Amino acid sequence: MRSALGIAGLGVATVGYAALIERTHWTLRTATLPVLPRGSPSLRVLHVSDLHMMPNQQSKQRWVAELAELRPDLVVNTGDNLAHPKGVPGVLRALEPLLELPGLFVFGSNDYYGPTPKNPLKYLRQRRDKWVKGVPLPWRDLRAALLERGWLDGTHQRLRLEVAGQSVAVAGVDDPHIGRDRYQTIAGPIAEQVTLKLGLTHSPEPRVLDRFAADGYDLIMAGHTHGGQLRVPCYGALVTNCGLDRSRARGASRWGAHTWLHVSAGLGTSPYAPIRFACPPEASLLTLVPRPVGPGAARTGQARTTSPAAADVS
Ligand SMILES: [Fe+2]
């Protein structure tokens, strides 16, 4: 009896920690990725994803806004910004200082539709139930505000931009998680000489990653997985909520001989599953450097964490 009570108490304490402390333990992860041609100056790219913003999440808004102090050369947002029909002002408060910088985005399912309750007992099932649409979200308002400030929508577009004096080719797809990807609209290798070929997708579905890799992209950036959201120490993510293998649920990895993949564990959760464990909410500062003569390896680290005094309410 006593041991059963002890186990129950430990479970309650763990859920309490995951919901009240770790979920707002904002963390900056860093990585150095060898994806540029030899001789290129390095580029610093800030990767934000999966804000899942509720209107009252002020500590998240403040922390994301402070990331502008890093002065990255480029900001990339890989979607799932919203968790509420009134979430757009909070997203814009969070991104406001970053909108002064060059930026790119693609959207995810949680820009288009609100979250829906899910059965937590089905969390570990790799095969997901049929996706259920939530309420429509004001993604058009968010998109218009981002475009007005000069950010570029990479969805089914092949774009060129100058970043810190270097030419970058970008293409992105709409969210494969809900079958909105149309890779054929951006398919084909990039003929021009550019410093970086960058692919964007919200969900890192292997069928999309394979296409980017076959077209010679240097780096693919994605979100969606939440890093597993609940991780087991020394084991890692239990699920990725997509076709990606568990080992790539967050951070940098190779995808084929030439291409690197970076998956952000994101900054939020569904309001119906407001917990994170061994997987703090994160943004990532990527330093892109020239490829070495040999195979090369990414270096990762964790540069800054903060635990705001006032935790979010939801
Ligand atoms: Fe998400």
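All values reported here derive from a predicted model rather than from experimental measurement. One-based numbering, in listed order, for ligands and for the atoms of each. Note: hydrogens, waters and symmetry copies are ignored here, and every other heavy atom, side chains too, is used.
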Asp215 side chain to Gly188 backbone, donor-acceptor under 3.5 Å: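 Indeed, once roles are kept as given, a pair shorter than 3.5 Å links the two residues.
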With Glu192 via salt bridge (Lys or Arg N to Asp or Glu O under 4.0 Å) - residues at least two apart: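 Partners of Glu192 under the salt bridge (Lys or Arg N to Asp or Glu O under 4.0 Å) test: Arg160.
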Residues in salt bridge (Lys or Arg N to Asp or Glu O under 4.0 Å) contact with Arg248, at least two apart in sequence or another chain: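 If we apply the salt bridge (Lys or Arg N to Asp or Glu O under 4.0 Å) test to Arg248, skipping adjacent residues, the hits are Asp245.
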Heavy atoms of other groups near Gln184 CD, more than 12 under 6.0 Å: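 Correct, the count exceeds 12.
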Pairs meeting criterion ring-ring contact (aromatic ring centres under 6.0 Å, His included) with involvement of residues 147-172, two or more places apart: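 Pairs touching residues 147-172 that pass the test: none.
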Check ion pair Arg291-Asp218 (N to O, under 4.0 angstrom):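 Yes, Arg291 and Asp218 are salt-bridged.
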Protein N/O/S count near the Fe ion (ligand 1) (criterion: distance under 2.8 Å):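 For the Fe ion (ligand 1), the figure is 4.
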